[in-house]
Amino acid sequence: MTETLHEAARPDDIAILLPGGGARAAYQVGALCAIARILARDRHSPFRIVCGTSAGAINAATLALHADSFRRGVARLLRWWRALEVEMVYRADLASVAAHGMRWLASVLVGASGPKQAASMLNNAPLRALLQKHLDLDRVAAQIATGNLLALAINATSYTTGHAVTFFQGSPSLLPWRRTRRRGEAAMITIDHLLASTAIPFVFPAARLGDDYFADGSVRQITPLSPALHLGARRILVIAVGQFSGQRPTGAQLAEPRYPSFAQMAGHALSSIFLDNLGADVERLQRLNHVLNLVPGERQAHHPEVSHIDAMVLSPSRDLGAMAPPYAKRLPRGVRYLLRGLGSTEGTGASLLSYLLFDRRYTKALIDLGFQDAMKRRDEIDAFLDADALRFAPLFPPELA
């Protein structure tokens, strides 16, 4: 990989990458709890570079705020996700869902003249108030000043240019970058950046930053690992929120396939946005590492701009979409009717449901699964976080390696 190692970065700096996935991001909290269990108490965060996208951006911002105490940051996340309800994220009463849904349908049928009038299925206005209440983003600068944090990076997608934009707040030595259809911009991270990163197209409204409107950061993020590399990381831990092996249809679904519902098509689209680019980027990294292993060490020493990148991916052992239907009845009536009409309460259509199911019982199930999955790989995680470990190999979970 050919990214510049900045003076402020250290060779042993580890980045954590938290991709998007709506309510599925609760899985990341469970894995983080396991990492906190593995690490010593009162330790500073092992991740001086924190990158987040979509709902993962909220988790990333919380970790960055508490870079001086990883355990405390994880505890805050755990408390936040365990108390979460749908109405705290988007308006879910029948009247609001009906009005917003009709506006969305009208915009699809007759079009809209500009971003201000572009509609979405759901209104996520409550999320802003929730984030303002729980996140004091002014603390990010203090963590950077003390050296506990090198950078916080939040990803969004520009509607104007179509570029994947990484907004980063970090050490003054970190420089902006520009590549094909993607760029990095220095910024003071605010709640608006988090809302931009979580603006799933068609589901939540576009968010304005300056003179531009933005969508979910996963939409055009063709190289999800790149921001961490630009910020100086040489070791990256990724906590994904879906299975790279894809969905596993039941025997009945295989024997009698049905025409896909809107929810099934939307679920596949979201899975493509949130997972496919990440999987492809990690595979590219693996191939480049194999090529570098063929180059003699003395030759590599003369080209420090090209280096081996350690990466490890934690991902669910179960289909998070398939876990969602039993909790659908807990949704407020308006959202339940909408999703049922779209066909998202059964079969593979439940993927869409899983992204929007901000219910504490469902998120608790995901947190428990994330904790169990990570603890099963405790020795691997411990080795990966060891500053003296070199070229630690396992990228994907064992079944996909």
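The structure presented is a predicted model; accordingly, all values stated were derived computationally and were not measured.
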Open item on the list: Could you work out, with side chain to side chain contact (heavy atoms under 4.5 Å, CB included) as the rule, every residue matching A125, not counting sequence neighbours?
Closed with: R91, N123
Open item on the list: Using the side chain to side chain donor-acceptor pair (under 3.5 Å) criterion, which residues pair with T180? Sequence neighbours excluded.
Closed with: none
Open item on the list: Are the side chains of L150 and L231 in contact, using a 4.5 Å heavy-atom criterion?
Closed with: no
- [ ] Take H230 and R182 through the side-chain contact (heavy atoms from CB on, under 4.5 Å) test and state the conclusion after the steps.
- [x] CA-CA 12 Å; H230 279 288; R182 54 191 172 93; 3.9 Å; yes
TODO: Considering non-hydrogen atoms only, spot the tightest contact between V140 and L65 and give its length.
DONE: CG2-CD2, 3.6 Å
Open item on the list: According to side chain to side chain donor-acceptor pair (under 3.5 Å), who are the partners of S354, at least two apart in sequence or on a separate chain?
Closed with: R24
- [ ] Using the test side chain to side chain contact (heavy atoms under 4.5 Å, CB included), find all partners of R76 that sit at least two apart in sequence or belong to another chain.
- [x] T62, H66, R79
- [ ] Establish, from distance only, whether the side-chain atoms of S197 and N155 form a donor-acceptor pair under 3.5 Å.
- [x] no
Open item on the list: Counting C-beta onward and ignoring hydrogens, is there a side-chain heavy-atom pair between V313 and L278 closer than 4.5 Å?
Closed with: no
Task: R48 side chain to G147 backbone, donor-acceptor under 3.5 Å - done: yes
Open item on the list: I need the minimum non-hydrogen distance between P227 and W177, along with the two atoms involved.
Closed with: CA-CZ2, 3.9 Å
Open item on the list: Using a 3.5 Å distance criterion without hydrogens, assess whether the side chain of T363 forms a donor-acceptor pair with backbone atoms of W81.
Closed with: yes
- [ ] Check whether any side-chain heavy atom of C51 sits under 4.5 Å from a side-chain heavy atom of F168, and report yes or no.
- [x] no
- [ ] Measure the shortest side-chain to side-chain distance between D192 and R128 over non-hydrogen atoms and say whether it is less than 4.5 angstrom.
- [x] yes
- [ ] Taking the side chain as every heavy atom from C-beta outward, state whether I200 and V219 have any atom pair closer than 4.5 Å.
- [x] no
Open item on the list: Test of understanding: with salt bridge (charged side-chain N to carboxylate O under 4.0 Å, His left out), list the residues that count as partners of D359, not counting sequence neighbours.
Closed with: R330
- [ ] Please name the pair of heavy atoms, one in P316 and one in V241, separated by the smallest distance, quoted to 0.1 Å.
- [x] CG-C, 3.9 Å
Open item on the list: So, using side chain to side chain donor-acceptor pair (under 3.5 Å) as the criterion, who are the partners of T157 when residues are at least two apart?
Closed with: none
Name the atoms and distances for all side-chain donor-acceptor pairs under 3.5 Å in residues 28-39, with sequence neighbours left out.
| unit_1 | atom_1 | unit_2 | atom_2 | d |
| --- | --- | --- | --- | --- |
| Q28 | OE1 | N59 | ND2 | 2.9 |
| Q28 | NE2 | P19 | O | 2.9 |
| Q28 | NE2 | I239 | O | 3.1 |

TODO: Determine whether I14 and I236 make a side-chain contact, defined as any pair of heavy atoms from C-beta on separated by less than 4.5 Å.
DONE: no
- [ ] Using modelled atom types only, decide if a donor and an acceptor are shared between the side chain of Y90 and the backbone of F204 within a distance under 3.5 Å.
- [x] no
Open item on the list: So, using side chain to side chain contact (heavy atoms under 4.5 Å, CB included) as the criterion, who are the partners of L131 when residues are at least two apart?
Closed with: I58, W80, L127, L135, I191, L194, L195
TODO: With sequence neighbours excluded, give me every salt bridge (charged side-chain N to carboxylate O under 4.0 Å, His left out) pair touching residues 153-176.
DONE: none
Task: From CA spacing to verdict: side-chain contact (heavy atoms from CB on, under 4.5 Å), L63, L18 - done: CA-CA 11 Å; L63 290 182; L18 301 174; 4.1 Å; yes
- [ ] Side-chain contact test, heavy atoms from C-beta onward, threshold under 4.5 Å: evaluate it for R284 versus T223 and give yes or no.
- [x] yes
Open item on the list: Looking at every heavy atom in both R181 and G162, which two are closest together, and how far apart are they?
Closed with: NH2-O, 3.8 Å
Open item on the list: Can you pull out every side chain to side chain donor-acceptor pair (under 3.5 Å) where at least one residue sits in residues 130-146? Sequence neighbours excluded, please.
Closed with: D68-Q143, Q143-N148, T146-N148
Using a 3.5 Å cut-off and no angle test, enumerate the donor-acceptor pairs between side-chain atoms of residues 367-376 and protein atoms at least two apart in sequence or in another chain.
| unit_1 | atom_1 | unit_2 | atom_2 | d |
| --- | --- | --- | --- | --- |
| D368 | OD2 | K364 | NZ | 2.9 |
| D373 | OD1 | S317 | OG | 2.7 |
| D373 | OD2 | Y27 | OH | 2.8 |
| D373 | OD2 | S317 | N | 2.9 |
| D373 | OD2 | S317 | OG | 3.3 |

Open item on the list: Looking at every heavy atom in both R360 and R82, which two are closest together, and how far apart are they?
Closed with: CB-O, 3.1 Å
Task: Note, P332 side chain near E87 side chain (heavy atom, < 4.5 Å) - done: yes
- [ ] Under the side-chain contact (heavy atoms from CB on, under 4.5 Å) rule, what do F358 and M88 come out as? Steps first, then yes or no, please.
- [x] CA-CA 9 Å; F358 292 94; M88 299 164 68; over 6 Å; no
Open item on the list: I need the minimum non-hydrogen distance between D211 and R208, along with the two atoms involved.
Closed with: OD1-NH2, 3.9 Å
TODO: Give me the one residue out of L314, L225, D281 that meets side chain to side chain contact (heavy atoms under 4.5 Å, CB included) with V238.
DONE: L225
Task: Main-chain N/O of P201 paired with D216 side-chain donor or acceptor, under 3.5 Å - done: no
Task: Sequence-distant partners of A156, side chain to side chain contact (heavy atoms under 4.5 Å, CB included), two or more places apart - done: F167, A196, F214
Open item on the list: Checking side-chain polar atoms at under 3.5 Å, does R179 have a donor or acceptor matched by the opposite partner on S226?
Closed with: no
